[in-house]
Amino acid sequence: MKVLVQRSLAAKVEVDGEVVGAIDHGQMVLVGIERGDTEADTQRLADKLLKYRMFSDEDGKMNLNVQQVGGGVLLVSQFTLAAETKKGLRPGFSSAAVPAEGERLFNDFVAKVKAQYDRVETGRFGADMQIQFTNDGPVTFMLD
């Protein structure tokens, strides 16, 4: 499981021209589910995501997490994070979870994040989504 988290000033995801999830400042999070991922992985990364100190304190140091700054969390499934890119010029996706398992584990991850924090929005699993966001910093981290 891979989680690409970006500090954002604002973010929204649209499907067919309809906004399905939006936040003001907080975390724009792309979630890639891989074969072999489990509920233990979703729990570990849900805990880590919400506690990850990527927001600046009064001294300008990254000492605060999204909950401490009252930010939103926008979770978007993105199977391309599981792409194999080391060989050739075309990505392979054999390490990505099959769609049904990916959706199940993504929904489990969303539920675990929402159980710990109430400012959570999502995209729509498997949909063609358009995402707009302003990366703050830029600050981006890969959690796995």
Side-chain angles (χ1 to χ4, degrees), residues 1-56 61-144:
M1 184 170 176
K2 294 179 181 176
V3 175
L4 184 73
V5 57
Q6 300 169 85
R7 193 172 70 189
S8 177
L9 295 176
K12 70 178 181 177
V13 60
E14 295 180 0
V15 176
D16 295 326
E18 172 193 352
V19 175
V20 297
I23 61 166
D24 290 323
H25 80 287
Q27 295 174 326
M28 170 61 212
V29 184
L30 302 175
V31 181
I33 308 292
E34 299 173 297
R35 290 183 188 273
D37 287 341
T38 66
E39 289 84 358
D41 297 315
T42 63
Q43 185 66 62
R44 182 179 50 79
L45 283 171
D47 295 342
K48 187 171 187 173
L49 174 69
L50 293 173
K51 293 176 182 150
Y52 207 74
R53 298 183 299 169
M54 60 185 294
F55 295 90
S56 299
K61 294 185 179 181
M62 289 188 200
N63 279 326
L64 303 175
N65 64 46
V66 70
Q67 294 171 308
Q68 291 170 313
V69 299
V73 178
L74 180 56
L75 302 173
V76 178
S77 63
Q78 186 172 359
F79 83 97
T80 60
L81 284 179
E84 299 149 0
T85 60
K86 291 187 181 192
K87 293 182 181 179
L89 299 175
R90 183 171 182 250
F93 297 102
S94 63
S95 62
V98 297
E101 183 66 1
E103 184 172 17
R104 185 184 73 77
L105 288 171
F106 176 74
N107 289 339
D108 183 65
F109 179 69
V110 169
K112 287 173 177 167
V113 174
K114 284 183 172 183
Q116 298 179 58
Y117 194 53
D118 62 356
R119 301 195 65 202
V120 179
E121 298 278 325
T122 67
R124 188 172 297 152
F125 188 91
D128 180 20
M129 296 177 275
Q130 288 70 52
I131 299 168
Q132 297 176 11
F133 81 102
T134 303
N135 192 318
D136 181 19
V139 173
T140 303
F141 299 101
M142 178 68 78
L143 307 179
D144 53 5

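The structure displayed is predicted, hence computed values, not measured ones.
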Show your working on side-chain contact (heavy atoms from CB on, under 4.5 Å) between Met28 and Val76 and close with a plain yes or no.
CA-CA 8 Å; Met28 170 61 212; Val76 178; 3.7 Å; yes
Say you draw a straight line from [atom1] of [X] to [atom2] of [Y]; how long is it, rounded to the nearest 0.5 Å?
X	Y	atom1	atom2	value
Leu30	Lys2	CG	NZ	12.5 Å
Asp41	Lys48	CG	NZ	12.0 Å
Ser8	Phe133	OG	CZ	6.0 Å
Glu14	Ile131	CD	CD1	10.5 Å
Ile33	Arg35	CD1	CZ	13.0 Å
Leu105	Thr38	CG	OG1	7.5 Å

Between [X] and [Y], what is the shortest heavy-atom contact and its length?
X	Y	value
Val15	Met129	CG2-CG, 3.7 Å
Ala83	Pro91	CB-CB, 4.0 Å
Leu49	Val3	CD1-CG1, 4.4 Å
Asp37	Glu34	OD2-N, 2.6 Å

Can you check whether [X] reaches [Y] side chain to side chain, under 4.5 Å on heavy atoms?
X	Y	value
Arg124	Val13	no
Met54	Val66	no
Leu50	Asn65	no

Show me the donor-acceptor pairs within less than 3.5 Å that the side chains of residues 136-144 make with the rest of the protein, sequence neighbours left out.
{"unit_1": "Asp136", "atom_1": "OD2", "unit_2": "Arg7", "atom_2": "NE", "d": "3.3"}
{"unit_1": "Thr140", "atom_1": "OG1", "unit_2": "Asn135", "atom_2": "ND2", "d": "3.1"}

Can you tell me which residue among Lys114, Glu39, Met1 is in a side-chain contact (heavy atoms from CB on, under 4.5 Å) with Phe109?
Met1
Lys12 and its side-chain contact (heavy atoms from CB on, under 4.5 Å) partner, picked from Leu74, Val19, Ile23:
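Testing Lys12 for a side-chain contact (heavy atoms from CB on, under 4.5 Å) against Leu74, Val19, Ile23 leaves exactly one candidate, Val19.
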Report yes or no: does Ser95 contribute a side-chain atom to a donor-acceptor pair with the main-chain N or O of Ala82 at less than 3.5 Å?
yes
Answer yes or no: is there an ion pair linking Lys112 with Asp108, defined by an N-O contact shorter than 4.0 Å?
yes
Parallel under 30°, tilted from 30 to 60°, perpendicular over 60°: which one fits the rings of Phe55 and His25?
perpendicular
Which ring pair (Phe, Tyr, Trp, His ring centres under 6.0 Å) pairs, counting each pair once, include a residue from residues 72-98, with sequence neighbours left out?
Phe79-Phe93
